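This one's a predicted model, so the numbers in the text were calculated from it and none came from an experiment.
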There are 2 protein chains.
Amino acid sequence: MEPSPQFERIRAYYLSLLPALTSDAWELCTDHFTIRTLKKGEFLQKQGVVANHVSFLNYGLLRMYHLVDGREKVSEFFKEGDYAADYRSFLMREPATTFVQALEDTEVVDLSFDDLQVIYKQIPEANYIGRLIAEELFKDMCRRTTTQVTVSIDDQYAAIVRDKPWLIQRVPQYMIASYLGVTPEALSRIKSRAGKRSRKIPLRPVTAPVAEIVTAAQP
Amino acid sequence: MEPSPQFERIRAYYLSLLPALTSDAWELCTDHFTIRTLKKGEFLQKQGVVANHVSFLNYGLLRMYHLVDGREKVSEFFKEGDYAADYRSFLMREPATTFVQALEDTEVVDLSFDDLQVIYKQIPEANYIGRLIAEELFKDMCRRTTTQVTVSIDDQYAAIVRDKPWLIQRVPQYMIASYLGVTPEALSRIKSRAGKRSRKIPLRPVTAPVAEIVTAAQP
DNA sequence: CTTTTTCCTTAACCCAGGTTAATAAATAGA
DNA sequence: TCTATTTATTAACCTGGGTTAAGGAAAAAG
């Protein structure tokens, strides 16, 4: 069987986690993969439904959000190369609390829960990959939580502009506002504040206004 | 070697995750475990230091917090039976961004990063346990995030009183306030509001004021 | 290109929570 | 026990973000 180009990206991802991945093991994986496409606006996941797949994005863009008394609260974006799912629902076999919707036409590699369990049984190393993926997701959530507690909204937005310009390019402002936990109106204010700031700031301390490096303090 | 009573609780925990855990594998684990005690106020982890252990709590109580311009922001509590650590720092081998401090005299079973890697090498099933633990931590963070987005502060506090009375008993109010993301003064207001509410509420809709069950909506 | 819809911005008003301060209650130390 | 320190409460004031509303820009539909 010749390698499907649709599995190349996920193969590279698995190899990056487990360079020793054998071609036998890989074949077994691809037996369980299925390709699916979503048109802009379609849903990968809906609230109330148990997530039955994890989906690796070949291309496209998704958003995850909660619906809380009529309002959408964006919690995550997924782009090409990411694993997307309500992983909590997938793991717990409980109805999802979130929606995951395509913001662009998107192609994913699906793997169902049952198929994944088969893989875990038949390929012990899969547990290793599964561990690394879960750890990676955990780290990401830690990063997010730390940022929310640690960084002002204004700086969080500045960080997005600086570090994730693709978000600004591909996602409407009101979703980014929601992601930051504020209203679109508030994000407008943030942006106008940022505008004034950056016009003034050149006069700021030229000598390294670096964040202090915090070392272990005494109790 | 006769079983140490200090490892009984963690043994039960591992067995709950992997009933098939062999005694050989368990012996190998205990070879790497060390017992440590912390007096109230002492630190398990300090900001700026790479977390070198994961610590299973035999008894006691810990809090994890960020220090952001002089203020403590509590992000987590750990009690007997929990695994405590700055797991992000532990996994990434990067300096911790958090402090973890004992709120009571505490006894932990330590496992160092290097020892854990040895265990992962020698016992393939360990990856399975590691995966489940990482997944569990991920699920907990999801729960927390969902709650923060979904539930009002007043209801979050009510939920703590209802579901985690041990938190109320063992932790000062101002730390719970911090955990909820508000000031102690705000928590006082929340409590007084709750007082008024519960005195009035008996007159509320007697016919099942249940949260609507949300099913998959149409796109 | 025009129309329609979606998205963004600005302004005025309001309010929950932060801030400060003062007091009371509870806990720890002597 | 009594004192000192920590913790909790309450009130007055202030501020930043929510809310509402309206106008303008941009994108999609025709």
Side-chain angles (χ1 to χ4, degrees), chain A residues 39-42 61 63 65-74 77 101-105 148-158 160-161 165 167-199 219, chain B residues 39-42 61 63 65-74 77 101-105 148-158 160-161 165 167-199 219:
Chain A
K39 288 232 167 287
K40 176 175 178 173
E42 290 183 339
L61 184 62
R63 77 198 246 246
Y65 65 92
H66 286 89
L67 198 56
V68 29
D69 39 60
R71 305 194 188 289
E72 299 173 353
K73 307 252 189 168
V74 176
F77 296 101
Q101 184 187 34
L103 300 181
E104 303 172 358
D105 292 355
Q148 284 172 344
V149 171
T150 289
V151 183
S152 74
I153 300 279
D154 287 57
D155 289 347
Q156 284 182 50
Y157 180 71
I160 288 177
V161 172
L167 257 188
I168 308 288
Q169 305 304 325
R170 299 162 72 179
V171 174
Q173 297 275 349
Y174 75 91
M175 290 186 191
I176 293 177
S178 174
Y179 178 72
L180 291 174
V182 298
T183 59
E185 293 84 352
L187 183 52
S188 272
R189 289 192 277 238
I190 289 166
K191 287 174 69 175
S192 79
R193 278 201 292 264
K196 288 175 197 162
R197 280 204 145 214
S198 56
R199 259 171 258 130
Chain B
K39 288 231 167 288
K40 176 175 176 173
E42 288 184 341
L61 185 61
R63 75 197 247 247
Y65 65 90
H66 285 89
L67 198 57
V68 29
D69 40 61
R71 307 194 188 284
E72 300 174 353
K73 308 253 190 167
V74 176
F77 297 101
Q101 185 187 33
L103 300 181
E104 304 173 356
D105 292 355
Q148 285 173 344
V149 171
T150 289
V151 182
S152 74
I153 300 279
D154 287 57
D155 290 348
Q156 284 182 51
Y157 180 71
I160 288 178
V161 172
L167 257 188
I168 309 288
Q169 305 304 324
R170 298 161 73 180
V171 173
Q173 297 275 352
Y174 75 91
M175 289 185 191
I176 294 178
S178 174
Y179 178 72
L180 290 174
V182 300
T183 60
E185 294 84 352
L187 183 52
S188 274
R189 289 191 277 236
I190 289 167
K191 287 175 70 177
S192 78
R193 278 200 294 263
K196 288 175 198 162
R197 279 203 143 212
S198 56
R199 257 171 260 133

* Is there a donor-acceptor pair under 3.5 Å between the side chain of B:Gln101 and the backbone N or O of B:Gly41? ->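 Yes, B:Gln101 side chain to B:Gly41 backbone: donor-acceptor pair under 3.5 Å.
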* Out of C:dT19, D:dA8, C:dC8, which has the shortest distance to the side chain of A:Ser188? ->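 In terms of side-chain proximity for A:Ser188, the closest of C:dT19, D:dA8, C:dC8 is C:dC8.
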* Out of D:dG17, C:dG17, C:dA28, whichever nucleotide has its closest atom nearest the side chain of A:Ala186 ->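 That would be D:dG17.
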* To do: Kindly compute the distance separating CD1 (A:Ile160) from CG (A:Leu180), expressed to the nearest 0.5 Å.
  =>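 Going from the CD1 atom of A:Ile160 to the CG atom of A:Leu180 covers 4.5 Å.
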* Rounded to the nearest 0.5 Å, what separation is found between the CD atom of A:Gln156 and the OG1 atom of A:Thr150? ->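 So the gap between those two atoms works out to 9.0 Å.
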* Identify which one of B:Lys191, B:Arg189, B:Arg193 satisfies the side chain to side chain donor-acceptor pair (under 3.5 Å) criterion when paired with B:Asp154. =>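 For B:Asp154, the side chain to side chain donor-acceptor pair (under 3.5 Å) test succeeds with only one of B:Lys191, B:Arg189, B:Arg193, which is B:Arg193.
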* **Pairwise 5' ranking along DNA chain D for A:Leu187 and B:Pro172, keeping only the more 5' one** =>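 Whichever sits nearer the 5' end wins; that is B:Pro172.
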* Most 5' of B:Gln173 and A:Pro184 on DNA chain D, judged by nearest nucleotide ->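 Taking each residue's closest nucleotide, the earlier one in sequence belongs to B:Gln173.
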* Asked: What bend angle does the helix from C:dT9-D:dA22 to C:dA30-D:dT1 show across its length, from five-pair end axes and to the nearest 10 degrees?
  ->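 End axes: 40° apart.
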* **Non-hydrogen atoms of B:Val149 and A:Val68 that approach each other most closely** =>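 Closest pair (atom of B:Val149, atom of A:Val68, distance): O-CG1, 4.1 Å.
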* For residues A:Phe77 and A:Met175, report the shortest heavy-atom separation together with the two atoms involved. =>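 The answer is CZ-O, 4.1 Å.
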Find the distance [X]:[atom1] to [N]:[atom2] and express it as a whole number of Å.
{"X": "A:Leu180", "N": "C:dC8", "atom1": "CG", "atom2": "P", "value": "13 Å"}
{"X": "B:Ile176", "N": "D:dT7", "atom1": "CD1", "atom2": "P", "value": "13 Å"}
{"X": "B:Gln156", "N": "C:dG17", "atom1": "CD", "atom2": "P", "value": "11 Å"}
{"X": "B:Glu185", "N": "C:dA24", "atom1": "CD", "atom2": "P", "value": "17 Å"}
{"X": "B:Tyr174", "N": "C:dA26", "atom1": "OH", "atom2": "C1'", "value": "14 Å"}
{"X": "B:Ile190", "N": "D:dT9", "atom1": "CD1", "atom2": "P", "value": "11 Å"}
{"X": "A:Arg189", "N": "C:dC13", "atom1": "CZ", "atom2": "C1'", "value": "11 Å"}
{"X": "A:Glu72", "N": "C:dC7", "atom1": "CD", "atom2": "C1'", "value": "14 Å"}

* To do: Check whether any side-chain N or O of B:Lys191 sits under 4.0 Å from OP1 or OP2 of D:dA8, and answer yes or no.
  =>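 Checking B:Lys191 against D:dA8: no side-chain N or O falls below 4.0 Å of OP1 or OP2.
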* Base of D:dG16 paired with side chain of A:Arg193 (donor-acceptor, under 3.5 Å) ->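 Answer no: no donor N or O sits under 3.5 Å from an acceptor.
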* Got A:Leu103 and A:Lys40 here, is their nearest side-chain heavy-atom distance under 4.5 Å? ->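 Result no, sub-4.5 Å side-chain heavy-atom pair not found.
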